[in-house]
Amino acid sequence: MKKPIIAIDGPAASGKSTTARLLAARLGLVYLDTGAMYRACALQAERLAVPLDDLGAIEALMDEIELRVEFEGGMNRIFLGDEDVSRLIRSEHISQQASAISAQPSVRLKMVELQRKIASGGGFILDGRDIGSYVFPDADFKFFLVADAEIRAQRRFDELKSRGLDADYQEVLEDINRRDENDAGRALAPLIKMPDAIEVDTGNLTIEEQVNVLYDVIMQKRGNAKIYLAEHSGFCFGVRRAIQMAIEAKGQGQNVCTLGELIHNPVVVKQLAAQGIVVCDDPTHLENHTVIIRSHGAPREIYEALEASGNTVVDATCPYVKRAQQLVQEMSAKDYQVIIMGDEHHPEVVGMRSWGNGSTLVLAPGSTPELVLHSKVCIVCQTTKKPEDLAAMSAWFSTKVQELRIFNTICLATQQRQKATADLAQHADVMIVIGGQNSSNTMQLFHLCQRYCHCHKIETEAEIQPQWLEGKKIIGLAAGASTPSQTILSVYNRIKEINGEPERVTTIGEVPLYKEESC
Ligand code: SF4
């Protein structure tokens, strides 16, 4: 989503620059202080003793001037060559000179060229006299701030006094009136309210109220997208339990490792490694370690080998996976041919299969065996598969065997997450599924969402491309069982930032959950 250009025009002392600066901070945009650029021109003219009414000399000055703006913490730093003149240009004297020099066409043309160069990519708020009419006539939002000359004069007078400067109200009022006349009568790009600009009378508004008025208009017109998180997203019970068991084991002893990555999420794996809980992929040479069996479980021969080498096994196999393993073992012992619906090489399935016997088969969802060997068949399922795939496979076997036992071993957390994600995807314009690249349950969510809308799978917020969100009204988020809350939060905040809403949330409870009535 392209960031907007916001033009705020109006006469002197109408509150443009303060409003622009505060609004930019609120919207996460950059404020370009165009007035400071004219001040820098005035300073340079004074340094080189160029008379402000000498058109030729001013033109030559503009050909030579090396003016640069840098942005730092919401502030503009103005450079002439390599010199930072941000402070020097703030004097009242330079302010008067800036007003005079800005009336010169060559100065305006030069500054407009520079302003367009800086801000044309979007994401800027500019204030001035001709931003919406001349500098950026196609600005996304145009505001025209007005207030009675007396009110503006009073503001200016108060400001000068607050800076300890000598001021006379009548003189200030006359100066304001003179500036208004100059601004309106200028040959090039005079001060005018464009038909598509929204006029805001700031006469009776505090600065906060001014900012609120503009902010509300922008939010209303942009119709900012709603962002929802599918319920049951993120860490499931089994993953939380495994992490807790690993941390507790580390607290009780040295040499703690997990057999394979504890969960399919590089962020969490790195965090655990920082606590001394490392990953071991090859258990054959492990001795005297505390070895955590992850929530996926492990083949039964691994348990025996680890214990034979003097290791302590902490079994964090998820109870849902454990139940599936036990069913494979029990039903095999009862002479059923066990069919495991799942991904053959997924560690959970490799582990489950080891509890069966020579006739145990693994079938991917949607596939069928070349021949059925047994008349008694039992189907169990990788815990993260889809119920409809299990139903389809069961239907196929029901016509092929004499006796069929079906165990829905899809875990409750997975079923709830898939249902909530599908509900949201049916109403969203785009879904972003967050999870590790190797995470099977994240991949399931991704495929599920693809049925209903555009969908992208990411590991972190850095992968989000703003164009994915362009023109989208409802953005859905879903996260796999191994995705930490912190990652979900970062993704949510990044999307808000792209949408021009800089307020960040800091807890997962602040991310709106999708309920049927949400849309
Ligand atoms: S997804 Fe389900 S089976 Fe897998 S660890 Fe989580 S709760 Fe257990």
Side-chain angles (χ1 to χ4, degrees), residues 232-299 302-303 305-307 309-322 325 345-351 382-384 411 413-414 417 433-443 445 457-463 478-493 506-508:
H232 307 290
S233 287
F235 278 0
C236 62
F237 139 80
V239 163
R240 249 188 243 117
R241 175 176 173 271
I243 293 173
Q244 189 59 34
M245 288 173 81
I247 291 170
E248 280 171 14
K250 180 63 194 168
Q252 286 166 16
Q254 301 297 311
N255 297 335
V256 175
C257 66
T258 63
L259 192 58
E261 292 182 343
L262 192 61
I263 64 172
H264 288 313
N265 188 290
V267 178
V268 179
V269 170
K270 221 184 260 177
Q271 285 169 352
L272 290 171
Q275 295 179 51
I277 303 166
V278 295
V279 177
C280 166
D281 288 318
D282 178 9
T284 40
H285 303 298
L286 274 183
E287 284 178 16
N288 303 320
H289 273 65
T290 298
V291 184
I292 317 291
I293 303 293
R294 56 190 171 174
S295 56
H296 293 320
I302 294 282
Y303 290 83
L306 284 172
E307 277 163 354
S309 310
N311 297 294
T312 304
V313 173
V314 174
D315 192 357
T317 304
C318 175
Y320 284 108
V321 178
K322 205 77 184 161
Q325 291 174 346
H345 301 294
H346 190 281
E348 179 187 312
V349 175
V350 173
Q382 187 179 342
T383 54
T384 49
C411 87
T414 297
R417 188 179 312 107
V433 178
I434 316 157
Q437 292 303 336
N438 298 327
S439 163
S440 162
N441 72 85
T442 303
M443 187 55 89
L445 294 179
K457 189 161 80 66
I458 58 170
E459 258 183 18
T460 72
E461 74 281 4
E463 295 161 64
S482 46
T483 307
S485 300
Q486 195 50 50
T487 307
I488 300 173
L489 266 185
S490 301
V491 168
Y492 178 73
N493 282 327
T506 52
T507 60
I508 195 74

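Nothing fancy with the numbering, it's 1 onward along the sequence. Note: hydrogens, waters and symmetry copies are ignored here, and every other heavy atom, side chains too, is used.
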Checklist entry - Do Lys457 and Glu463 have side-chain heavy atoms sitting under 4.5 Å apart? => result no
Checklist outcome for this item: Residues at least two apart in sequence or cross-chain that pass side-chain contact (heavy atoms from CB on, under 4.5 Å) with Ser485, listed by chain then number, are Ile508
Checklist outcome for this item: The side-chain contact (heavy atoms from CB on, under 4.5 Å) partners of Asp282 (sequence neighbours excluded) come to Thr284, His285
Checklist entry - Do Thr460 and Ser490 come within less than 4.5 Å of each other through their side chains, counting heavy atoms only? => result no
Next on the checklist: Assess the residue pair Val314 and Val256 against the criterion (side-chain contact (heavy atoms from CB on, under 4.5 Å)); give the C-alpha distance rounded to whole Å, side-chain angles, the decisive distance to 0.1 Å, and a yes or no.
Outcome noted: CA-CA 10 Å; Val314 174; Val256 175; over 6 Å; no
Checklist entry - Are the side chains of Gln252 and Thr290 in touch, meaning some heavy atoms are under 4.5 Å apart? => result no
Item to check | Candidate pair Thr258 and Arg294, rule side-chain contact (heavy atoms from CB on, under 4.5 Å), full reasoning | outcome: CA-CA 7 Å; Thr258 63; Arg294 56 190 171 174; 5.8 Å; no
Would you tabulate the side-chain donor-acceptor contacts of residues 237-247 under 3.5 Å, counting partners in other chains and residues two or more places apart, or write 'none'?
unit_1 : atom_1 : unit_2 : atom_2 : d
Arg240 : NH2    : Phe235 : O      : 3.0
Arg241 : NH1    : Ala316 : O      : 3.4
Arg241 : NH1    : Thr317 : O      : 3.0
Gln244 : NE2    : Glu248 : OE2    : 3.2

Checklist entry - Quick one: are Pro299 and Val350 in side-chain contact, heavy atoms under 4.5 Å? => result yes
Next on the checklist: Please check: side-chain N/O of Glu261 versus main-chain N/O of Pro266, any donor-acceptor pairing under 3.5 Å?
Outcome noted: no
Checklist entry - Ignoring hydrogens and geometry, is there a side-chain-to-backbone donor-acceptor pair from Ser309 to Ala305 under 3.5 Å? => result yes
Checklist outcome for this item: Closest non-hydrogen atoms of Ile263 and Ser482, given as atom of the first, atom of the second and distance, are CD1-O, 3.6 Å
Next on the checklist: A side-chain contact here means heavy atoms from C-beta on lying under 4.5 Å apart; do Cys280 and His289 qualify?
Outcome noted: no
Item to check | Heavy-atom donor-acceptor pair, Asn441 side chain to Ala481 backbone, under 3.5 Å | outcome: yes
Checklist entry - Are Leu262 and Ile277 close enough, and set up right, to give a side-chain contact (heavy atoms from CB on, under 4.5 Å), and what steps lead you there? => result CA-CA 10 Å; Leu262 192 61; Ile277 303 166; 5.9 Å; no
Item to check | Audit row: Asp315, Lys322, side-chain contact (heavy atoms from CB on, under 4.5 Å) steps and yes/no | outcome: CA-CA 10 Å; Asp315 192 357; Lys322 205 77 184 161; 2.8 Å; yes
